[in-house]
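One structure below.
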Amino acid sequence: MMQKENENQRAGVVAVVGRTNVGKSTLLNALLGEKVSIVSDTVQTTRNVIRAILTEERGQIVFLDTPGVHRAEGELGKNLNKMARSSVSGADAVLLVLDASSKLWQEDDGWMRRLAAESTPCLIFLNKTDISTEYLAACKAQWKEVAAEKGSALQPVWIEGSALQDRGLPELTSALFTLIPEGPLLFPEEILTDYPRKLNMADVIREKYVERLHDELPHCLAVWVENIEETPDAWTIQADVYVERHSQKGIVIGEKGRLLKSVQYQAEKELTDMYGVRVKVRLWVKVEKNWRKNFWILRKLGYA
Ligand SMILES: Nc1nc2c(ncn2[C@@H]2O[C@H](COP(=O)(O)OP(=O)(O)OP(=O)(O)O)[C@@H](O)[C@H]2O)c(=O)[nH]1
Ligand SMILES: [Mg+2]
């Protein structure tokens with residue numbers, strides 16, 4: 001009996017793409033029922049390709065959560081776009097996420113064109129229907145236009161729902177399983193992500209900052225976990241917070257160190273929950289002029 005089940009198993013890689021802020025990371029966290037990728041209402045929150053692995057009796061889907069494509073500004077922006085675009089080649093299927101509650105952006109159209117030019121099976125998830133479905137028809141009409149223009153025979157599967165309110169997700173998973181090939185599991189079944197622990201910790205800390213900072217600052221900020229000291233009853237994480245200018249250092253530390261302390265506290269809380277061990281976070285704020293243009297720093301942070 002067991003043998004038979006394995007024979008019908010499917011396994012494949014699904015690249016999750018779409019412009020920034022449509023809810024790709026939220027969707028993945030909801031599909032896995034665990035937080036594997038940080039989320040915020042600031043553009044370009046995700047900066048690395050994060051693999052999130054869903055294993056069921058039906059098989060395994062290895063999702064690649066990609067940085068949302070946005071008007072590329074500087075080296076960091078360009079690298080993020082390249083990362084997102086290259087994740088599509090090599091994937092067994094592509095999941096394009098659109099925001100049904102908002103007008104289409106140029107980047108949404110850009111993704112449609114890119115997918116219509118290829119033959120990779122594709123599913124389009126119309127997200128945020130809890131807010132409104134005002135632009136649902138416009139999304140479908142736009143695809144028709146693009147497909148006609150490109151002479152594409154690709155027939156995407158369309159699914160509507162809400163990542164935030166868990167709507168349309170079982171349908172989404174089932175549809176994805178039909179798009180990927182039959183085959184053995186790609187990762188051991190107990191693995192949820194192969195995203196390195198240090199990068200995940202740095203992302204959680206960065207998320208706490210992004211939630212508390214405004215304007216351009218979230219984009220000027222990077223976090224690097226320098227060291228993790230593990231003792232039987234606690235982990236102490238030493239992390240550097242990079243900013244680009246001296247004036248930003250003060251903001252990131254806050255009056256009497258208040259902002260820094262609050263970020264430390266919130267990150268400790270979340271990481272303690274996540275890893276099931278008491279986590280202490282120690283942050284050092286460093287000024288690194290133009291780190292977003294510095295190849296070596298981008299590489300160290302995994303953004304290049
Ligand atoms: N109302 C509503 N909000 C959502 C839904 N999905 C995501 N959001 C919100 O949209 C914002 C962006 O979500 P993310 O998951 O970070 O978006 P993303 O596509 O991963 O963005 P990047 O990483 O920048 O590419 C967050 O504030 C989410 O809470 C949804 O279904 N409904
Ligand atoms: Mg994201």
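What you see is a predicted model, and the numbers here were worked out from it, not measured in a lab. Read the numbers this way: they start at 1 and go in the same order the structure lists the ligands and their atoms.
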Atoms of ligand 1 less than 4.0 Å from V39 heavy atoms? 13 (O), 14 (P), 15 (O), 16 (O), 26 (C), 28 (C)

Below 4.0 angstrom from a heavy atom of D41, which ligand 1 atoms are there? Numbered from 1 as shown, please. 27 (O)

Nearest to [atom] by heavy atom, [options]: which?
atom                    : options            : value
atom 8 (N) of ligand 1  : K128, E211, R47    : K128
atom 2 (C) of ligand 1  : T45, L164, T66     : L164
atom 11 (C) of ligand 1 : S40, G18, G23      : S40
atom 20 (O) of ligand 1 : A30, A100, S25     : S25
atom 28 (C) of ligand 1 : T26, V22, D99, L27 : T26

Are any of the N or O atoms of [X] closer than 3.5 Å to those of ligand 1?
X    : value
I131 : no
Q165 : no
G68  : yes
N127 : yes
I38  : no

Flag the pair [X] and [Y] as a salt bridge only when some basic side-chain nitrogen lies within less than 4.0 angstrom of an acidic carboxylate oxygen.
X    : Y    : answer
R113 : D109 : yes
D65  : K24  : no
R282 : E268 : yes
E226 : K286 : no
E288 : K300 : no

Is the distance from the Mg ion (ligand 2) to some N, O or S atom of T20 under 2.8 Å? no

Could you tell me whether the Mg ion (ligand 2) has an N, O or S atom of T45 under 2.8 Å away? no

Please collect all side-chain hydrogen bond (donor to acceptor under 3.5 Å, both in side chains) contacts where either partner lies in residues 169-178, sequence neighbours excluded, each pair once. R58-S174

Step by step, work out the side chain to side chain donor-acceptor pair (under 3.5 Å) result for N200 and Y275. CA-CA 11 Å; N200 174 59; Y275 290 99; 2.6 Å; yes

If you measure from each non-hydrogen atom of T46 to ligand 1, which part falls under 4.0 Å: side chain, backbone, both or neither? both

I need the contact type for S101 against ligand 1. Using non-hydrogen atoms and a strict under-4.0 Å cut-off, is it side chain, backbone, both or neither? neither

Which of parallel (below 30°), tilted (30 to 60°) and perpendicular (above 60°) describes W158 and W143? perpendicular

In sequence, state the C-alpha distance, the side-chain angles, and the governing distance for D99 and N21, and then conclude on side chain to side chain contact (heavy atoms under 4.5 Å, CB included). CA-CA 9 Å; D99 181 345; N21 231 16; over 6 Å; no

When you compare the side chains of T46 and S25, does any donor N or O come within less than 3.5 Å of an acceptor on the partner? yes

